[in-house]
Amino acid sequence: MNSLISMGEKAKKAASELAVLSTDDKNKLLTAISNALKENIDIIISENEKDLKNAVENGMSASLQDRLKLDADRINTIASDVLEVVALDDPIGIVLEKWERPNGLLFKKVTVPIGVIAIIYEARPNVTVDSATLCLKSSNAVILRGGKEAINSNLILAKILRDTIKKAGYNEDFVQIVENTARETSVDLMKLDGFVDLLIPRGSASLIKAAVQNATVPVIETGTGNCHIFIDYNADIDMGVDILFNAKTQRPSVCNAAESLLVHSGIAKEFLIRAKKKLDTKNVELRGCPRTMEILKDITKATEEDYYKEYGDYILSVKIVDDVQEAINHINKYNTHHSEAIITNDLNDAYLFERLVDAAAVYVNASTRFTDGNEFGFGSEIGISTSKIHARGPMGLRQLTSIKYLIEGNGQIR
């Protein structure tokens, strides 16, 4: 705990220095970071290979290994994402509102940094760079705590970031990483009151649950995605099959991938037969309700647990429903408030679905895979918030700010 307190003290000091950097200063620093990542591709891959070797030995699933892997293309993409952050407007110092009171006081509501942000995450080393660069652009110091699965990758990426910051003449503690991946350090970071202004957990449902239950600092829940696709009675079947296939199979390990399919009974037989034929090309395992099993004879029966499950794999739960309201009720019972989609040509059903489904992102006739900072036009994101307080959905730069009221007077007293 003492080492974390020391990191917290350094982060507070760094945050005060970051708060006064100009937009130009921050953009030059981020550009240097992008260049440094490209210049160090070989060493990043070398360290990442150590993590991949351990992953194989420990029996990590293929989908999680995919999240863990860094190759030249992915590193170049990460470096390019940093430049996209450079191109975004500075979120700090924006005047959101301005008004004058009858007594002559001038009020301004402006955006300011949150201060020190802690990120706890698992087997995704790209999060190290994404989180750090978004925090830098929004003038927040960051403490990173990655999982043991990606420790070698995370440490080399953090070293490159810190070395670049120091070389540019700034405080390398703008970015810090917890090297000890024991569970205790994660819990201690959740309780670093007085130093951490906001905790963002990124990863599995168990990690997020642990953060919510243990943290004494403010937490934003992110990431867990039990996402549904609902095929309405009059949906375009070709469109529905294509959207479902994309949402489930394009990258099944990510939080915006579809995990459950709901189909209106009036279209179920034709849709399910055609959808299964396409899903079979990716060996997707279907787990269905009894009505589904009457149509698709060779699938597994879905359990109650299946409908709550975020698989992160080529598995899909299926249920036949009789109307849009039943679909909405099912989604609101089992979902994680992430991303939900309806495929329909009924404007009333679309309206009802948009208004009543409780999720950060609700789609009509589009894949849930678009719930992403870049796709929303926010640039890289620090996570997908499923909370309702402060930030919801993709958390880009603006979501990493707070507000401050500035009041100017000329001697007023009350």
Side-chain angles (χ1 to χ4, degrees), residues 225-250 252 255-282 284-296 299 301-302 304 306-311 315-372 375-376 386 393:
N226 181 15
C227 306
H228 297 72
I229 305 289
F230 169 51
I231 308 297
D232 205 3
Y233 73 98
N234 64 351
D236 181 313
I237 290 181
D238 289 336
M239 177 194 291
V241 169
D242 288 344
I243 287 174
L244 174 65
F245 186 77
N246 172 262
K248 177 70 259 183
T249 71
Q250 195 226 11
C255 61
N256 57 21
E259 303 289 13
S260 192
L261 168 67
L262 303 177
V263 188
H264 193 289
S265 56
I267 201 173
K269 185 173 183 178
E270 183 178 2
F271 182 84
L272 286 171
I273 290 171
R274 289 176 59 178
K276 185 177 186 300
K277 183 178 180 180
K278 189 157 187 175
L279 292 169
D280 281 348
T281 65
K282 292 286 189 177
V284 176
E285 177 189 344
L286 301 181
R287 300 179 183 178
C289 67
R291 295 168 78 183
T292 303
M293 296 178 72
E294 291 176 7
I295 299 169
L296 305 175
I299 69 170
K301 184 178 179 180
E304 183 80 354
D306 281 311
Y307 292 123
Y308 282 109
K309 187 79 170 177
E310 181 189 26
Y311 297 110
I315 307 171
L316 185 72
S317 65
V318 187
K319 183 177 176 63
I320 294 174
V321 296
D322 290 321
D323 56 37
V324 66
Q325 188 61 59
E326 186 181 352
I328 292 168
N329 292 344
H330 178 96
I331 289 169
N332 286 343
K333 178 179 179 179
Y334 294 102
N335 80 342
T336 52
H337 313 293
H338 194 295
S339 301
E340 310 295 347
I342 181 173
I343 315 305
T344 188
N345 283 312
D346 187 318
L347 292 178
N348 289 328
D349 282 1
Y351 177 87
L352 199 66
F353 194 88
E354 287 181 318
R355 298 308 182 274
L356 296 183
V357 166
D358 185 7
V362 179
Y363 294 85
V364 176
N365 296 330
S367 172
T368 56
R369 285 285 288 115
F370 288 101
T371 305
D372 172 87
E375 297 295 337
F376 274 43
T386 55

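For this chain, numbers begin at 1 and follow the sequence in order.
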Just verifying a value: how many Å separate [X] [atom1] and [Y] [atom2], rounded to the nearest 0.5 Å?
{"X": "Leu352", "Y": "Gln325", "atom1": "CG", "atom2": "CD", "result": "5.5 Å"}
{"X": "Ile343", "Y": "Leu262", "atom1": "CD1", "atom2": "CG", "result": "11.5 Å"}
{"X": "Tyr311", "Y": "Lys248", "atom1": "OH", "atom2": "NZ", "result": "8.0 Å"}
{"X": "Ile231", "Y": "Asp236", "atom1": "CD1", "atom2": "CG", "result": "10.0 Å"}
{"X": "Thr336", "Y": "Asp358", "atom1": "OG1", "atom2": "CG", "result": "10.5 Å"}
{"X": "Thr292", "Y": "Leu286", "atom1": "OG1", "atom2": "CG", "result": "9.0 Å"}

(message) Whether the Thr344 and Asp349 side chains hold a donor-acceptor pair (N or O, under 3.5 Å, no angle test) is what I'd like checked.
(response) no
(message) Ignoring hydrogens and geometry beyond distance, is a side-chain donor-acceptor pair present between Asp346 and Tyr233 at under 3.5 Å?
(response) yes
[X] to [Y] - nearest heavy-atom pair and separation:
{"X": "Ala258", "Y": "Ile229", "value": "CB-CG1, 3.8 Å"}
{"X": "Ala341", "Y": "Ala366", "value": "CB-O, 3.6 Å"}
{"X": "Arg369", "Y": "Ala247", "value": "CG-CA, 3.8 Å"}
{"X": "Cys227", "Y": "Glu340", "value": "C-OE1, 3.7 Å"}
{"X": "Ala302", "Y": "Cys289", "value": "CB-N, 4.4 Å"}
{"X": "Tyr363", "Y": "Ala361", "value": "CE1-CB, 3.8 Å"}

Would a distance-only check, ignoring hydrogens and angles, find a side-chain to backbone donor-acceptor pair under 3.5 Å from [X] to [Y]?
{"X": "Asp232", "Y": "Ala235", "result": "no"}
{"X": "His228", "Y": "Ser260", "result": "no"}
{"X": "Asn332", "Y": "Leu356", "result": "yes"}
{"X": "Glu310", "Y": "Gly225", "result": "yes"}
{"X": "His264", "Y": "Asp322", "result": "yes"}
{"X": "Asp306", "Y": "Ser317", "result": "no"}
{"X": "Thr368", "Y": "Asn256", "result": "yes"}

For the residue pair [X] and [Y], establish whether any side-chain heavy-atom pair is separated by less than 4.5 Å.
{"X": "Lys276", "Y": "Asp280", "value": "yes"}
{"X": "His330", "Y": "Tyr307", "value": "yes"}
{"X": "Arg355", "Y": "Val362", "value": "no"}
{"X": "Asn226", "Y": "Tyr334", "value": "yes"}
{"X": "Phe353", "Y": "Ile331", "value": "yes"}
{"X": "Phe271", "Y": "Leu244", "value": "yes"}

(request) Evaluate whether atom CZ of Phe370 has more than 12 neighbouring non-hydrogen atoms of other residues, nucleotides or ligands under 6.0 angstrom away. (result) no
(request) Check whether more than 12 heavy atoms from other residues, nucleotides or ligands sit under 6.0 Å from atom CZ of Phe376, and answer yes or no. (result) yes
(request) Give me the one residue out of Leu279, Ile299, Ile320 that meets side-chain contact (heavy atoms from CB on, under 4.5 Å) with Leu272. (result) Ile320
(request) Run through Ile342, Ile328, Val263 and flag the one making a side-chain contact (heavy atoms from CB on, under 4.5 Å) with Phe230. (result) Ile342
